[in-house]
Amino acid sequence: MSVSTAQFNQKKRALFEKYYGFLNAPQQEAVRTVRGPLLVLAGAGSGKTTVLVNRIGNLILFGDAWQNEELPAEADEIYAEMCEAEGGSRAKIRTALEKTAVDPARPYRVLCITFTNKAANEFKERLQTLLGDRANDIWAGTFHSICVRILRRHIDLLGYTGSFTIYDTDDVKKLITAIMKRRHTDEKMLSVKAVISLISRYKEKGYDAEEMLMDAGKDDRIVKTANIYGEYQRELKQSNALDFDDIIMLTDKLFSEFPEVLQKYRTQFDYILVDEFQDTNPSQNRLVTMLGGGKENVCVVGDDDQSIYSFRGATVENILQFDRAFPRAKTIRLEQNYRSTGHILDAANAVIAKNRERKGKNLWTAAGEGELIRVERPTNQNEESSFIAYEIKRKVTSGECRYGDFAVLYRVGALSNNIEQAMVKARIPYRICGGLRFNERREVKDVISYLSVVNNPADNVRLRRILNVPKRAIGDTTASRLESIAAAEHDSMYAIACRANVYPELGKAANKLIEFSRLIESMRDYAEEHTLSETVEYIVTASGYMRFLAEEAEADGDIEHEREQNVRELLSTVRQFEDSAENPTLSAFLEEMALVSDVDSLEEGQDAVTLMTVHSAKGLEFPVVFLIGFEDGLFPSLQAIMEGGIEEERRLAYVAITRAKRMLYLFHTESRMLYGRTEYRSPSRFLAEIPDEHTQKSYEVRRTAAPDPYTKRQTEEIRFGRPRETARPAGGQTVFAAGDRVKHAFFGPGEILAAQEMGGDMLYEIRFDSGSIKRIMGSFAKLQKE
DNA sequence: TACTGGATTATTTTT
DNA sequence: TAATCCAGTA
């Protein structure tokens with residue numbers, strides 16, 4: 001027998017489909033296409049991660065077998081095996097398929113880039129289960145971790161040393177503030193915040209200070225900021241420190257100025273995959289383009305409709321114009337949604353369809369219509385949160401849900417307060433995302449600063465932080481003098497401190513500085529000969545920091561000694577790191593602390609309601625979602641309305657809606673107290689974009705015929721009324737309707753504003769003659785007709 | 001240097 | 001409202 005090429009490839013393809021049968025057609029297509037540039041537009045809940053993981057698995061197991069149509073040498077033999085395997089198990093199919101493998105990718109030649117550590121870890125884990133130990137050699141990580149890995153090896157070409165420190169936002173703020181103070185920049189004209197974000201925006205575009213200055217034209221703010229940028233960059237270099245933007249920008253620079261370095265990595269990486277491509281900024285995009293140029297085996301996955309980070313430099317253009325960077329690019333759309341039920345998905349589709357700048361996708365689901373979206377209009381935020389607490393309690397008590405099934409989402413963090421209070425009051429377990437992180441605590445940052453200085457004594461910002469903590473009589477005056485001497489001598493503050501007695505202007509503080517430098521020196525010596533955890537222990541004792549914290553706790557009456565606890569926790573983190581990391585050096589530990597936030601490790605665990613912003617909910621899903629504050633001026637935000645950022649807000653709304661699997665509640669209050677002011681609120685304009693057939697409103701809406709002359713928008717007149725579904729009698733109790741007068745045993749007489757069926761019971765909204773408005777369940781209220 | 005009070009000012013956040 | 005920051009005082 002002699003099998004033809006066509007026959008062989010057909011069989012091969014049939015087996016592929018059997019093996020990857022758990023994937024739908026476009027997903028299979030994405031897995032199969034390994035050569036050439038590929039853009040995967042993955043809608044919300046379309047199984048994007050599964051595709052990426054299996055695509056890598058496929059690369060490593062079968063190489064480009066599916067795109068390579070050449071007949072292998074022992075075609076007949078393999079063909080026979082394939083025929084035999086066809087009816088067999090997955091393992092059998094795989095064994096046969098493996099024989100067809102053409103040039104399987106070596107794991108270390110695969111680069112998989114994500115945005116968050118959480119995503120990176122998820123990939124690593126899933127690849128591990130798929131490929132076993134081979135997975136460990138895959139370059140999977142965040143943009144930042146991968147760039148740091150590259151920079152550690154080559155950054156000396158750019159005039160830094162490999163032991164550089166990574167500055168977090170706090171360090172950056174300190175440094176910028178100091179520079180602005182020195183330059184007598186009027187903070188009223190130009191805030192530190194504005195300067196930081198402006199510099200960041202230019203760094204993301206890959207501009208240096210001079211290029212920024214050229215770009216500034218006559219804009220005084222930009223000119224001023226460009227000058228600050230120049231000084232800032234010099235200071236960073238002097239301190240041998242990089243900020244987060246530098247990590248990307250300098251890797252870019254390294255590649256464009258040293259082609260041989262770029263060539264090395266271009267040669268190494270046969271295949272590049274990028275997740276969440278819609279979140280890339282221009283310099284990240286350039287990095288991908290540079291690395292992927294040549295072989296062009298670049299696969300980017302993303303959803304232009306979920307691009308919600310433009311405020312930190314991400315640009316949708318990267319995904320919209322991927323085919324411009326790679327003209328041969330093939331586009332695959334993943335449009336089947338495995339997450340939400342019909343009404344929810346249709347609502348999301350309807351809202352996002354209003355955006356102009358998009359590739360265009362239409363998600364569909366094989367799941368049924370599911371439940372209607374509930375739209376509620378509480379009088380104020382207290383009612384909003386007690387309604388939610390009530391709903392959660394009810395669904396948990398009835399056994400329908402667990403606490404972990406619920407999420408409360410909001411546009412701004414400020415809205416979490418009320419919800420939190422309601423959860424406490426109702427004794428509902430909850431977890432709240434955001435807030436102060438572990439490594440942002442003062443005591444943790446202090447200890448990290450000691451470690452940074454030991455690792456890199458040139459680090460002026462962190463040296464300054466610990467110079468007088470705990471108190472060692474080195475005041476602000478001395479610190480400033482030290483700083484200006486260092487600037488004049490083009491040397492580090494640490495180096496000056498070491499020879500402080502040479503400078504008469506330091507006076508008798510010189511001795512203190514020398515003493516301090518000896519302390520650091522002793523730490524450095526200690527670190528040479530001891531393990532990481534021993535060193536950290538030595539540092540916190542020898543510096544007197546632990547004692548300082550203990551005394552402080554005594555003085556404040558802090559019985560828990562919380563700050564000391566946190567330092568101990570940091571110590572146990574160090575020990576954990578020692579046990580798990582392959583290379584447990586001080587420098588590696590500091591890197592991990594800088595690039596890995598504890599939010600990544602948090603998560604899961606107890607059964608609790610999740611409270612978070614819509615932004616942080618991206619990538620997550622929940623059976624039941626409550627979206628609160630769905631009001632114009634809040635969502636979309638006021639500044640988005642004024643500055644024309646509506647499309648991004650709409651994408652945000654799209655993200656919010658698509659988080660829900662089975663039930664979605666949208667809330668907009670009648671009035672809300674925010675930032676100490678109570679304001680009447682109108683519903684989000686996005687609400688009107690959801691077709692009525694997908695929602696169930698607990699109030700009546702009438703659209704006026706003529707658009708409002710000021711806003712040019714169609715106005716809505718809202719009033720309480722009967723819910724669309726007429727109430728049914730429940731459990732023998734009398735059922736009331738809106739408008740009825742009733743009497744409550746405790747609250748007295750009142751009028752029903754709204755009545756709504758709810759889980760075999762009636763929920764009434766009643767305005768009592770005393771003036772208060774309450775929501776009460778019918779079975780609970782013991783109402784009588786008045 | 002620690003404390004007090006008045007002014008100020010509030011998106012979204014990962015690395 | 002609530003948190004934070006700065007200036008002025010003890």
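Chain identifiers are assigned alphabetically (A, B, ...) following the order of the sequence lines, protein sequences preceding nucleic acid strands; residue numbering begins at 1 within each chain. The figures that follow rest on heavy atoms only: side chains count, while hydrogens, waters and symmetry mates do not.
Across all their heavy atoms, A:Thr379 and A:Glu383 have their closest contact at OG1-OE2, 2.7 Å.
Put simply, CD1 on A:Ile196 is 19 Å from P on B:dT15, counting in whole angstrom units. The distance between atom CG of A:Asp243 and atom P of B:dT15, rounded to the nearest whole Å, is 16 Å. One can place CG of A:Leu415 at 14 Å from P of C:dA2, the figure rounded to the nearest angstrom. Counting to the nearest Å, the C1' atom of B:dT12 and the OH atom of A:Tyr309 are 7 Å from each other. Rounded to whole Å, atom P of B:dT14 lies 17 Å from atom CD of A:Glu122. For the pair A:Leu674 CG and C:dA2 C1', the interatomic distance rounds to 12 Å; values are reported in whole Å. The interatomic distance linking A:Asn417 (CG) with C:dA2 (P) rounds to 7 Å, in whole Å. If you take OH of A:Tyr410 and C1' of B:dT13, they are 14 Å apart, rounded to a whole angstrom.
Comparing A:Gly475 and A:Leu652 along DNA chain B, the residue whose closest nucleotide (by nearest heavy atom) sits nearer the 5' end is A:Gly475.
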Contact list (N/O, under 3.5 angstrom) for nucleotides 3-11 of chain B vs protein:
residue	atom	partner	partner atom	Å
B:dT11	OP1	A:Tyr675	OH	3.4

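Taking every side-chain heavy atom of A:Asn117 into account, B:dT15 is the closest of B:dT1, B:dT12, B:dT15.
Under the salt bridge (charged side-chain N to carboxylate O under 4.0 Å, His left out) criterion, A:Arg472 pairs with no residue, sequence neighbours left out. With sequence neighbours excluded, the residues satisfying salt bridge (charged side-chain N to carboxylate O under 4.0 Å, His left out) with A:Glu483 are A:Arg464.
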Evaluate side-chain contact (heavy atoms from CB on, under 4.5 Å) for A:Phe115 paired with A:Thr280, printing each intermediate quantity in order.
CA-CA 8 Å; A:Phe115 267 85; A:Thr280 49; 3.7 Å; yes

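One finds no side-chain N or O of A:Ser616 lying less than 4.0 angstrom from the OP1 or OP2 phosphate oxygen of B:dT14.
Taking the syn range as angles within 90° of 0, the glycosidic angle of B:dT11 is syn.
Among the atoms of the strands shown, none is found under 4.0 Å from any heavy atom of A:Phe143.
Note that A:Arg312 lies in the cation-pi zone of A:Tyr309, set by a 6.0 Å cut-off to the ring centre and a 45° limit from the axis.
Using a 4.5 Å heavy-atom threshold, the side chains of A:Arg126 and A:Glu122 count as touching.
Using a cut-off of 4.0 Å between Lys/Arg side-chain N and Asp/Glu carboxylate O, A:Asp170 and A:Arg465 are scored as salt-bridged.
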